[in-house]
Undergrad: 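The structure that follows is given in the form of structure tokens.
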Amino acid sequence: MEHEVFVPVTVERLREALGDPVRVARAVPGLQQDAGADPVAGRLKVRVGSHSITYRGAVRVTGRDDGSYAVEGDATETRGTGSVTLALTLRLRDTEAGTTLTFDGTATADGRVTELPQDAVGSAVVRLLNRFAEALGETEEEPEQPEQPEEQPETPEAVETPEPEEPPAPPVDDFTEPAIPPAEAAHARRTMIGRSAEEVDHAPPRGRYAPVPAPQTVAAGATLRWAAPAAAVVLASAIVVTRVLRKRR
């Protein structure tokens, strides 16, 4: 297999990208990296005609003394027993307004890909190499710009503003019992001193807790004592009036 791709990027930039495994992994179209695996390892879905085959494997790019690069890879189907082995040589040639990448080498495969038409397989490989070369030229990292301290505008000193006063709390009705006046409490203490425990226990409560006395009833003897003289006066008056009337007749 031999294929050439032109990229409008200088040779130096491409060599920097090929020497960084992370940037190589970004250039592989559709590569889903596995957690904890090598930078250029994971799953890759390849579309051949109307079919799609997903492989899991890894690719290694190694520089040689003559300036070329060895691209070696192997992968297996995620839903099958097929496998692919890749051994390519990548050369960079400086051309006008860019660089030409030349791929040549061999690839062996078995499994589902062997059941598909050869022209469809070749078109899929060419499309994959073109996208890889174009993405490799776009993976240049932007230079980090030094951080500049933020300039804060000078502002006059803040004037302390008085905090708004909280409105007074609404009055709350006090449903507790009024406290005993100090004078009454002192009097109760003085009267309690000197008494025995039995007298204190049986002493009637005083103050606002004293029992209300029962209404007093008027004795019947006192009513009769006032009614007897009145009846005698009425009887004497009747006798006198009777005698006067008799004399007139």
Side-chain angles (χ1 to χ4, degrees), residues 1-140:
M1 180 180 62
E2 184 175 352
H3 181 66
E4 290 186 355
V5 182
F6 172 77
V7 180
V9 179
T10 61
V11 175
E12 290 75 12
R13 286 178 53 180
L14 290 177
R15 292 190 183 278
E16 292 177 1
L18 290 171
D20 187 356
V22 176
R23 297 171 67 178
V24 172
R26 295 177 188 171
V28 178
L31 177 64
Q32 298 179 0
Q33 291 180 271
D34 294 335
D38 295 336
V40 195
R43 297 194 308 169
L44 177 64
K45 180 182 291 187
V46 180
R47 187 172 185 82
V48 181
S50 59
H51 302 272
S52 296
I53 305 175
T54 303
Y55 293 94
R56 183 186 298 276
V59 176
R60 294 167 296 278
V61 180
T62 308
R64 295 176 176 174
D65 296 338
D66 59 353
S68 62
Y69 295 87
V71 181
E72 299 175 350
D74 55 87
T76 57
E77 296 178 5
T78 57
R79 296 183 179 180
T81 59
S83 61
V84 175
T85 302
L86 183 68
L88 299 178
T89 299
L90 174 61
R91 294 182 176 87
L92 306 179
R93 185 174 73 253
D94 191 6
T95 57
E96 186 178 356
T99 305
T100 300
L101 287 77
T102 303
F103 298 90
D104 63 88
T106 59
T108 58
D110 56 10
R112 292 179 55 191
V113 70
T114 59
E115 302 173 359
L116 303 176
Q118 293 297 320
D119 55 347
V121 175
S123 299
V125 173
V126 169
R127 183 171 60 252
L128 183 63
L129 294 177
N130 290 341
R131 294 177 60 187
F132 170 74
E134 294 172 357
L136 192 64
E138 297 175 356
T139 56
E140 182 184 11

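Just the heavy atoms: all of them, side chains too, but no hydrogens, waters or symmetry mates, feed the values below.
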Undergrad: Got a salt bridge between R91 and D104, using NZ or NE/NH1/NH2 to carboxylate O under 4.0 Å?
TA: yes
Undergrad: Using side-chain heavy atoms (C-beta onward) and a distance below 4.5 Å, is R64 in contact with Y69?
TA: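 Heavy-atom side-chain distance check fails, nothing below 4.5 Å.
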Undergrad: Shortest non-hydrogen contact from P29 to L128?
TA: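 Taking P29 first and L128 second, the nearest heavy atoms are CG-CD1, 3.4 Å.
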Undergrad: If you compare all heavy atoms of S52 against all heavy atoms of R47, which two are closest, and at what distance to 0.1 Å?
TA: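 Here S52 and R47 meet closest at OG-NH1, 3.2 Å.
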Undergrad: Can you tell me if R79 uses its side chain to pair, donor with acceptor, with the backbone of T54 under 3.5 Å?
TA: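 Judged by distance alone, no pair lies under 3.5 Å.
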Undergrad: Got L14 and L101 here, is their nearest side-chain heavy-atom distance under 4.5 Å?
TA: yes
Undergrad: If you take all heavy atoms of L31 and A25, which pair is closest and at what distance?
TA: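 Closest heavy-atom pair between L31 and A25: CD2-O, 3.9 Å.
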Undergrad: Any side-chain heavy atom of V48 within less than 4.5 Å of one from R112?
TA: no
Undergrad: One pair to check against side chain to side chain contact (heavy atoms under 4.5 Å, CB included): E16 and R23. What are the steps and the verdict?
TA: CA-CA 9 Å; E16 292 177 1; R23 297 171 67 178; 4.1 Å; yes
Undergrad: Measure the OG1-CG distance between T85 and D110 for me, rounded to the nearest 0.5 Å.
TA: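 Rounded to the nearest 0.5 Å, the OG1-CG separation comes to 8.0 Å.
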Undergrad: Might you work through the side chain to side chain contact (heavy atoms under 4.5 Å, CB included) test for Y55 and R43, ending with a clear yes or no?
TA: CA-CA 6 Å; Y55 293 94; R43 297 194 308 169; over 6 Å; no
Undergrad: Would you call V46 and V113 a side-chain contact if the rule is heavy atoms closer than 4.5 Å?
TA: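 When only atoms from C-beta onward are counted, V113 and V46 do not touch, as no gap falls below 4.5 Å.
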Undergrad: Could you grab the distance from atom CG of L86 to atom OG1 of T106, nearest 0.5 Å is fine?
TA: 7.5 Å
Undergrad: Starting at CZ of R26, measure out to CG of D20 and round the result to the nearest 0.5 Å.
TA: 7.5 Å
Undergrad: With side chains defined as the heavy atoms from C-beta onward, is the minimum distance between D74 and S83 less than 4.5 Å?
TA: no
Undergrad: Decide yes or no for V59 and V24: does some side-chain heavy atom of the first lie under 4.5 Å from some side-chain heavy atom of the second?
TA: no
Undergrad: Could you tell me which residues satisfy side-chain hydrogen bond (donor to acceptor under 3.5 Å, both in side chains) with H51, sequence neighbours excluded, listed by chain and number?
TA: none
Undergrad: With a 4.5 Å cut-off on side-chain heavy atoms, are F132 and V5 touching?
TA: no
Undergrad: List the steps and the verdict of side chain to side chain contact (heavy atoms under 4.5 Å, CB included) for L90 and L18.
TA: CA-CA 10 Å; L90 174 61; L18 290 171; 3.8 Å; yes
Undergrad: Return the NZ to OG1 distance between K45 and T78, rounded to the nearest 0.5 Å.
TA: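 If we round to the nearest 0.5 Å, K45:NZ and T78:OG1 are 9.0 Å apart.
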Undergrad: Would you say the side-chain atoms of T99 pair up with the backbone N or O of V11, donor to acceptor, closer than 3.5 Å?
TA: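 Such a contact is found between T99 side chain and V11 backbone.
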Undergrad: Measure the CD-CG distance between E72 and L88 for me, rounded to the nearest 0.5 Å.
TA: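 If we round to the nearest 0.5 Å, E72:CD and L88:CG are 9.5 Å apart.
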